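Notes to accompany the following structure.
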2 protein chains.
Amino acid sequence: MVKETNIQTAFQEVMAASGNIPPKQKQVLAASLSLFAEKGFASTTTKEIAERAGVAEGTVYRRYRTKDELLAGVLAPFMTDVLPKLVSEFAEKVVGQTYSSRHDLVATVVNDRMQFVVANQSVLRIMVTEILVRNDLRDQTISRMVPLLKQNLYPVLDHLKAIGELVDWPNDRIAQFMIGTMLTQLVRSTLTNEDVTSAATLIIKFLEKGLAPE
Amino acid sequence: MVKETNIQTAFQEVMAASGNIPPKQKQVLAASLSLFAEKGFASTTTKEIAERAGVAEGTVYRRYRTKDELLAGVLAPFMTDVLPKLVSEFAEKVVGQTYSSRHDLVATVVNDRMQFVVANQSVLRIMVTEILVRNDLRDQTISRMVPLLKQNLYPVLDHLKAIGELVDWPNDRIAQFMIGTMLTQLVRSTLTNEDVTSAATLIIKFLEKGLAPE
DNA sequence: AAGAAAGGTGAGCGTTCACTCACTAAAAGG
DNA sequence: CCTTTTAGTGAGTGAACGCTCACCTTTCTT
């Protein structure tokens, strides 16, 4: 079984890797994460972060010297650890098994990646919001994601096309439809407070039919 | 032919309806719209709005007494005019014609509604961003949209199911897949600066297959 | 134990923000 | 014409913001 990755464990790995991060600094990162997700980066004040973290305001500025650096610090483990693992775990799960039907294939992928979305909901929310507004973060995310997808995902899709399990469309469009359909469910769940996984069965059927060979 | 609706014409209608709105107030609304879309509501200052509108800062506060009211003023015509027309035009286009095939049906709808998305791109961007962060705006939008969809869209979907042109899934899920697939294209276009309508053909095929009866 | 290094503090700094107000200019009404 | 109303101005205001720094406390090093 492939190990699951989420932002909490990634944070701990980063903390373990770069020496012992003091507990109050972890509290600052955790408080920033939750506040940015709740009310957005621009509307969150450093005073609020200090209050929720239970530290003085000066402590917020010990490791990261500006509020922008703090945002980068919150998103960094996600960009360097979580995102690559998201894609490579996906590839492993798909190629590492022989599926008896296309249904099994799509079902495994959707169930698995939607659990990932749930586990990293708060960070994904920050990224979506800030990407819509900050050009630098947008460019950075794209330049990381594109090669990641090309190396890990596209060969798998090519393989599935070859064995007649997938429609012969450009890989970027297939990825768009799969990722988009799953993210749509995340957005809907955010709006209505319903369970993210409640529609998994229909999402699987929809993708299975929509991406079947013509 | 059904009339197209976009935010510019809706603004003009609102201005005509509520007496003559002075030109400088129009400039304030237009400047707010573009700035909120560019850098988000929280990161836009009233001084910037005044500068882009070519007015003094006091003028910004003549009609709307707070920055929050200004946001509401920008979104109001969209909520009261554009959104209802978006849904009712959709219903008219689908029921007002007899289609020779499901392909024609989906193609008409997708092409038409994606043009709408293009025409109202900037406002949609503000709404998506602010809805993720502001509870009041989220609730307001949902409480407007849900009855709108139930009255206009759901009967059409039921009709299509009855004549065997649509899969027998809950209406809210079908709406989710259609709207989600189109909005995904908007997000992608925003990220990569590609033409929003470039993938129309594949989107039509994808939805046509995914929503076909089982 | 003593010194050095790192972590943590919070009052306070300069700046910028949303917003105000006394005032002028223009338009509307009689 | 004069009066009243509406539109517009921009310097100014208090509050809140991001951020600093001199100082204190804890932990490491030898």
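Predicted model, so just to flag it, every value in this text is computed and none were measured. Quick note on labels: first sequence line is chain A, next is B, and so on, each numbered from 1.
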> What is the distance, rounded to the nearest whole Å, between atom NZ of A/Lys24 and atom C1' of C/dG8?
Replying inline: 6 Å
> To the nearest angstrom, how far is A/Glu51 atom CD from C/dG10 atom P?
Replying inline: 12 Å
>> Walk me through whether A/Arg138 and A/Glu130 qualify under salt bridge (Lys or Arg N to Asp or Glu O under 4.0 Å).
In response: CA-CA 8 Å; A/Arg138 169 158 65 236; A/Glu130 294 306 318; over 6 Å; no
> How close or far is atom P of C/dA11 from atom OH of A/Tyr61, stated in whole angstroms?
Replying inline: 17 Å
> Distance check: side-chain N/O of B/Lys67 vs OP1/OP2 of C/dA18, anything under 4.0 Å?
Replying inline: yes
>> For chain B and DNA chain D, what are the first and last nucleotides along the strand, 5' to 3', with at least one atom under 4.0 angstrom from a heavy atom of the protein chain?
In response: D/dA7 to D/dG10
>> Between A/Glu69 and A/Arg63, is the salt bridge (Lys or Arg N to Asp or Glu O under 4.0 Å) condition met? List the steps.
In response: CA-CA 9 Å; A/Glu69 276 186 29; A/Arg63 181 165 298 264; over 6 Å; no
> Hey, does A/Val55 reach any base, or is it just sugar-phosphate, or nothing, if we go heavy atoms under 4.0 Å?
Replying inline: sugar-phosphate
> Taking NZ from A/Lys47 and C1' from C/dA11, how many angstroms apart are they, rounded to a whole number?
Replying inline: 12 Å
> Can you say whether the rings of A/Phe116 and A/Phe78 are parallel (under 30°), tilted (30 to 60°) or perpendicular (over 60°)?
Replying inline: tilted
>> I need the CD-C1' distance between B/Glu57 and C/dC17, as an integer number of Å.
In response: 9 Å
> Looking for any heavy atom pair under 4.0 Å, which part of the strands does B/Ser43 touch: base, sugar-phosphate only, or nothing?
Replying inline: nothing
>> Quick one: does any side-chain atom of B/Lys67 pair with a main-chain N or O of B/Thr44 as donor and acceptor, under 3.5 Å?
In response: yes
>> Looking at B/Glu48 and B/Lys39, is any side-chain nitrogen of the basic one under 4.0 Å from a carboxylate oxygen of the acidic one?
In response: yes
> Should the pair B/Glu57-B/Arg52 be classified as a salt bridge under the 4.0 Å nitrogen-to-oxygen rule?
Replying inline: no
> Quick one: is the NZ or CZ of A/Arg134 closer than 6.0 Å to the six-membered ring centre of A/Phe41, and within 45° of its axis?
Replying inline: yes
> Rounded to whole angstrom units, what separation is found between the CZ atom of A/Arg62 and the C1' atom of C/dG10?
Replying inline: 13 Å
> Want to settle it: does B/Pro22 or A/Phe41 sit nearer the 5' end of DNA chain D, counting the closest nucleotide to each?
Replying inline: B/Pro22
>> If you assign each of A/Arg65 and A/Thr45 to its closest nucleotide in DNA chain D, which residue comes earlier from the 5' end?
In response: A/Thr45
